[in-house]
Amino acid sequence: MASLVLSSLCFTSQKPCSFTSSLRFSFGALTGSRFAAPLTVGFRPVKRRNGRIRVSVYSRASPLVFRDLDADDFRHPLDKQNTLILKAIPGLNELGRALLGTVTEQIMLLENIGTSVLVSKDQLPELHKMMIEAAGILNIESPDLYVRQSPVPNAYTLAISGKKPFVVIHTSLVELLTRNELQAVLAHELGHLKCDHGVWLTFANLLTLGAYTVPGLGAFLAQTLEEQLFRWLRAAELTCDRAALLVAQDPKVVISVLMKLAGGCPSMADQLNVDAFLEQARSYDKASSSPVGYYIRNAQTRQLSHPLPVLRAREIDEWSRSNDYRSLLKRATQMNVVEKV
């Protein structure tokens, strides 16, 4: 049975997408853009009590809510461009619907439900509040949230037709990030749902898998589709980083997530410096500005499913200073106490 990868935000790896036996939008290296006029944010780390993971309660001003937010309000220009290219591929929708059957969906659904913990108001309630609040800010229905045991820091979203989508986060990610950083990750995943990324990623993967089975030009066609898919996916990640910023409303929170995923660990978290990481991003741009550097940079990123963390940090920093982001903040309203409860 064909394996599908719907949408992903894999924090830990910048490797090319692999066609695993799952329909997932994996999280890659998150880079939500939340800049300008940051709210008062708590940075208390995840704590352990009696051997159990516990997210400490934090305090911040009521966040801004985007009640009439549309996906195109924050969609990255490269995302728009590459989505149009995917839509232009003949038969993509039809092939996806034909191959994505109910059996495959049921396998993925049972696999995740059977191996994870479902978050609710009675189960890991702080994580539940994070998701509800983030969904409210982005004006989207909250999906189910699961926590899964894994040493690999990651988060991903699964959207199965006819069923409520759900987000899965790994325990190692909970250990690595602060409360606000973790909510930024959830917002990044919500960005995939808000923009319907899962549909196009799944269909493109299916089409690529099918092309490999065609004799003759099949392999060449599949490789071409893969390159286009990676190009689109990298652009989609930039869009979801913006969704993370809209929820965090502080660019340093999102950049800190990217920095930790690039080279952080719980024992050194208090020594990491966001400003130094941004300077590192600028030095990368400078080093790759020459003809040789530009060629190496393209070769380095061509087969990656996610943009490099330093590039995502730079993108977030720039968008947080943009007129587009500031105009969105002006349209937003304050979340009241009743909504937060």
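What you see is a predicted model; the values in this text were computed from it and never measured. What you see below is based on every heavy atom in this structure, not just the backbone, and it leaves out hydrogens, waters and symmetry mates.
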Open item on the list: Tell me the closest heavy-atom pair linking Leu138 and Ala187, and the distance in Å.
Closed with: CD1-O, 3.9 Å

Task: Side-chain touch Leu311/Tyr284, heavy atoms, less than 4.5 angstrom - done: yes

Task: Non-hydrogen atoms of Asp68 and Asp73 that approach each other most closely - done: O-OD2, 4.0 Å

TODO: Check whether any side-chain heavy atom of Glu141 sits under 4.5 Å from a side-chain heavy atom of Pro165, and report yes or no.
DONE: no

TODO: May I ask you to say whether Asp72 pairs ionically with Arg75, meaning some side-chain N is under 4.0 Å from a carboxylate O?
DONE: yes

Task: Residue of the set Val185, Leu182, Leu124, Val247 for which side-chain contact (heavy atoms from CB on, under 4.5 Å) holds with Met130 - done: Leu182

Task: Closest non-hydrogen atom pair between Ala243 and Gly191, with its separation - done: CB-CA, 3.8 Å

Task: Tyr146 backbone acceptor or donor facing Ser116 side chain under 3.5 Å - done: no

Task: Phe66 and Ile140: CA distance, side-chain angles, deciding distance, side-chain contact (heavy atoms from CB on, under 4.5 Å) verdict - done: CA-CA 10 Å; Phe66 304 90; Ile140 184 175; over 6 Å; no

Open item on the list: Suppose the criterion is salt bridge (Lys or Arg N to Asp or Glu O under 4.0 Å): which pairs have a residue in residues 254-269, not counting sequence neighbours?
Closed with: Glu181-Lys260

TODO: Of all the heavy-atom pairs spanning Val65 and Gly136, show the shortest one and how long it is.
DONE: CG1-O, 3.3 Å

Task: Test item: side-chain donor near acceptor, Asp285 and Ser289, under 3.5 Å - done: no

Task: Any donor-acceptor N/O pair, Ser142 side chain to Ala135 backbone, under 3.5 Å - done: no

Task: Partner residues of Phe277 under the ring pair (Phe, Tyr, Trp, His ring centres under 6.0 Å) criterion, sequence neighbours left out - done: none

Open item on the list: So Val274 and Met259, do their side chains get closer than 4.5 Å, heavy atoms only?
Closed with: yes

TODO: Mark yes or no for whether Gln123, through its side chain, and Ser120, through its backbone, hold a donor-acceptor pair below 3.5 Å.
DONE: no

Open item on the list: I'd like to know if the side chain of Glu315 pairs up with that of His76 as donor and acceptor (distance under 3.5 Å, no hydrogens or angles considered).
Closed with: yes

Open item on the list: Ring centres under 6.0 Å, that's the criterion: do His197 and Trp232 meet it?
Closed with: yes

Task: Hydrophobic cluster identity match, Leu118 and Ile113, side-chain contacts under 4.5 Å - done: yes

Open item on the list: Quick test of your reading of the model: are Glu279 and Arg282 salt-bridged, counting only N-O distances below 4.0 Å?
Closed with: yes

Open item on the list: When you compare the side chain of Ile169 with that of Leu127, does any pair of heavy atoms fall below 4.5 Å?
Closed with: yes

Task: Validation row: Ile137, Leu64 side chains within 4.5 angstrom (heavy atoms) - done: no

TODO: Could you tell me the separation between the CG atom of Leu186 and the CD1 atom of Ile132, rounded to the nearest 0.5 Å?
DONE: 10.5 Å

Task: Flag side-chain contact, heavy atom, 4.5 Å: Trp319 against Leu238 - done: no

Task: Residues Arg148 and Thr115: side-chain donor-acceptor under 3.5 angstrom - done: yes

Task: Separation of Arg326 CZ from Lys330 NZ (nearest 0.5 Å) - done: 8.5 Å

Open item on the list: To the nearest 0.5 Å, what is the distance between CG on Leu177 and OG on Ser256?
Closed with: 7.5 Å

TODO: Check for a donor-acceptor pair, side chain of His306 on one end and backbone N or O of Arg234 on the other, with a separation under 3.5 Å.
DONE: no

Open item on the list: Using modelled atom types and a 3.5 Å cut-off, is there a donor and acceptor pairing between side-chain atoms of Lys194 and backbone atoms of Asn139?
Closed with: yes

Task: Min side-chain heavy-atom separation Val167-Asp144 under 4.5 Å - done: no

- [ ] Group every Ile, Leu, Val, Met, Phe, Trp and Tyr by side-chain heavy-atom contacts under 4.5 Å, then state whether Phe230 and Leu78 land in the same group.
- [x] no

Task: Nearest heavy-atom neighbours spanning Gln183 and Ala134 - done: NE2-N, 3.8 Å

TODO: Decide side-chain hydrogen bond (donor to acceptor under 3.5 Å, both in side chains) for Asp79 and Thr83; before the verdict, give the C-alpha distance in whole Å, the side-chain angles of both, and the deciding distance to 0.1 Å.
DONE: CA-CA 6 Å; Asp79 185 3; Thr83 298; 3.0 Å; yes

Open item on the list: Hydrogens and angles aside, do Glu237 and His192 bring a side-chain donor and acceptor to less than 3.5 Å of each other?
Closed with: yes

Open item on the list: With heavy-atom distances below 4.5 Å as the criterion, would you say the side chains of Arg242 and Leu246 are in contact?
Closed with: no

Task: Lys80 NZ to Cys195 SG distance, which is reported to the nearest 0.5 Å - done: 10.0 Å

Open item on the list: Are Phe74 and Leu329 connected into the same hydrophobic cluster when the rule is that any two of I, L, V, M, F, W, Y join if their side-chain heavy atoms are below 4.5 Å apart?
Closed with: yes

- [ ] Please report the shortest heavy-atom distance between Leu278 and Ala313, naming the atom on each side.
- [x] CD2-O, 3.7 Å

